[in-house]
Amino acid sequence: MAHKVDQEYDYLFKIVLIGDSGVGKSNILSRFTRNEFCLESKSTIGVEFATRTLQIDGKTVKAQIWDTAGQERYRAITSAYYRGAVGALLVYDITKKQTFDNLQRWLRELRDHADSNIVILLAGNKADMNHLRAVPEENAHALAEKEGLSFLETSALEALNVEKAFQDILMDIYHIISKKALAAQEAAAMAGPRLGTSINVANSSGNSKKVCCST
Ligand SMILES: Nc1nc2c(ncn2[C@@H]2O[C@H](COP(=O)(O)OP(=O)(O)O)[C@@H](O)[C@H]2O)c(=O)[nH]1
Ligand SMILES: [Mg+2]
């Protein structure tokens with residue numbers, strides 16, 4: 001029981017929420033982590049992140065989901081927001097075409113600031129307002145296909161596909177990570193016992209110092 005903290009989860013995945021202001025990012029987060037929805041817009045009150053732990057493939061996966069505090073309105077999301085993120089939920093509002101048209105800008109932002117292997121799921125939110133739809137589902141499908149993204153229509157209000165959206169992202173991330181781990185294991189097995197391995201150790205001045213060790 002000495003390492004209880006370490007045993008709390010097997011994996012911790014950082015996921016970022018992005019998309020225009022008002023599309024429902026904060027409500028998607030509160031629906032997923034607290035099963036809550038708020039009709040009023042409280043765009044100035046933002047949590048830094050919220051977490052939820054799930055089981056995937058017998059492993060305990062903790063999703064740490066980051067929300068903006070409204071700074072997307074000023075296009076002022078800093079690179080710290082994206083740092084270390086392995087997944088992104090890119091959200092638009094199916095009743096507001098502008099939020100769909102701005103997706104290219106968000107994708108560029110992701111390409112500039114996030115890891116190139118980041119898993120992205122496109123979410124057309126407010127699917128409960130079909131009578132006010134301004135973005136046909138086919139257009140979003142086409143964009144998702146062109147950009148290599150997964151796609152779902154969601155409703156934070158009706159709790160439609162919110163759970164599935166996060167589960168899909170986490171599954172994709174998990175598969176990528178476990179494949180990488182397997183490849184690394186195989187490579188290590190192929191290499192066999194290594195003699196005279198060199199490793200680089202940076203000294204305090206920032207230069208590299210080579211240290212050689214025999215096993
Ligand atoms: N009808 C409907 N309204 C939603 C949905 N999700 C969010 N909203 C509303 O849209 C507004 C903006 O939501 P918010 O989560 O603050 O958006 P954010 O700026 O992207 O974080 C609020 O008034 C929410 O109640 C949804 O799925 N359906
Ligand atoms: Mg918000």
Side-chain angles (χ1 to χ4, degrees), residues 13-33 37-38 40-50 63-130 132-157 160-162 164-166 168-170 172-173 176:
F13 294 152
K14 175 177 172 180
I15 295 173
V16 289
L17 286 164
I18 50 166
D20 284 6
S21 176
V23 296
K25 299 182 296 300
S26 298
N27 275 283
I28 287 175
L29 180 60
S30 62
R31 175 62 77 198
F32 182 62
T33 56
F37 180 84
C38 178
E40 289 157 56
S41 189
K42 297 182 287 182
S43 56
T44 49
I45 308 163
V47 289
E48 201 165 36
F49 61 79
Q64 185 189 69
I65 305 147
W66 287 59
D67 190 15
T68 66
Q71 66 269 43
E72 71 275 27
R73 260 182 294 170
Y74 316 106
R75 303 192 173 184
I77 295 182
T78 62
S79 47
Y81 187 72
Y82 297 103
R83 196 168 301 136
V86 287
L89 192 69
L90 174 55
V91 189
Y92 69 95
D93 176 344
I94 69 149
T95 71
K96 293 210 168 64
K97 189 169 175 298
Q98 188 63 52
T99 67
F100 182 77
D101 294 341
N102 283 340
L103 290 172
Q104 288 296 347
R105 190 175 67 75
W106 286 111
L107 284 168
R108 211 175 317 128
E109 171 121 352
L110 272 176
R111 268 193 288 273
D112 289 349
H113 297 284
D115 189 278
S116 56
N117 292 318
I118 194 165
V119 170
I120 308 168
L121 187 138
L122 178 64
N125 193 41
K126 308 198 186 180
D128 54 281
M129 300 215 280
N130 203 28
L132 296 174
R133 178 184 288 276
V135 182
E137 204 171 347
E138 307 85 77
N139 295 18
H141 264 300
L143 177 74
E145 197 156 311
K146 179 170 150 264
E147 300 288 344
L149 323 171
S150 310
F151 166 65
L152 280 174
E153 284 200 348
T154 58
S155 167
L157 174 70
L160 172 81
N161 279 343
V162 172
K164 180 163 173 37
F166 285 106
D168 284 3
I169 292 184
L170 292 166
D172 283 357
I173 297 167
I176 290 170

Participant: Could you tell me whether the side chain of K14 reaches within less than 4.5 Å of the side chain of F49, counting heavy atoms only?
Facilitator: no
Participant: Any side-chain heavy-atom pair from E72 and I18 closer than 4.5 angstrom?
Facilitator: no
Participant: Could you walk me through whether N161 and S155 pass side chain to side chain contact (heavy atoms under 4.5 Å, CB included), step by step?
Facilitator: CA-CA 7 Å; N161 279 343; S155 167; over 6 Å; no
Participant: For residues 139-149, which side-chain N or O atoms pair as donor and acceptor with protein atoms under 3.5 Å away, sequence neighbours left out?
Facilitator:
none

Participant: Would you please name every residue forming a salt bridge (Lys or Arg N to Asp or Glu O under 4.0 Å) with D168, sequence neighbours left out?
Facilitator: K164
Participant: Run the side-chain donor-acceptor check on residues 83-98: report pairs under 3.5 Å with partners two or more places apart or on a different chain.
Facilitator:
residue : atom : partner : partner atom : Å
D93     : OD1  : T95     : N            : 2.8
D93     : OD1  : T95     : OG1          : 2.7
D93     : OD2  : T95     : OG1          : 3.3
D93     : OD2  : K126    : NZ           : 3.3
K97     : NZ   : D101    : OD1          : 3.2
K97     : NZ   : D101    : OD2          : 2.9
Q98     : NE2  : N102    : OD1          : 3.3

Participant: My understanding is that only residues two or more places apart in sequence, or in another chain, count here; which of them pass side-chain hydrogen bond (donor to acceptor under 3.5 Å, both in side chains) with T99?
Facilitator: none
Participant: According to side-chain contact (heavy atoms from CB on, under 4.5 Å), who are the partners of D172, at least two apart in sequence or on a separate chain?
Facilitator: V119, S150
Participant: In residues 104-115, what donor-acceptor pairs under 3.5 Å come from side-chain atoms, sequence neighbours left out?
Facilitator:
residue : atom : partner : partner atom : Å
W106    : NE1  : D20     : OD1          : 2.8
E109    : OE2  : Y82     : OH           : 2.9
D115    : OD1  : N117    : N            : 2.8

Participant: For R73 and S21, indicate whether the former's side chain and the latter's backbone hold a donor-acceptor pair under 3.5 Å.
Facilitator: no
Participant: Determine, step by step, whether E48 and W66 satisfy the side chain to side chain contact (heavy atoms under 4.5 Å, CB included) criterion, reporting the C-alpha distance in whole Å, the side-chain angles of both residues, the deciding distance to 0.1 Å, and the verdict.
Facilitator: CA-CA 6 Å; E48 201 165 36; W66 287 59; 3.7 Å; yes
Participant: Is the shortest side-chain heavy-atom distance between I65 and F166 below 4.5 Å?
Facilitator: yes
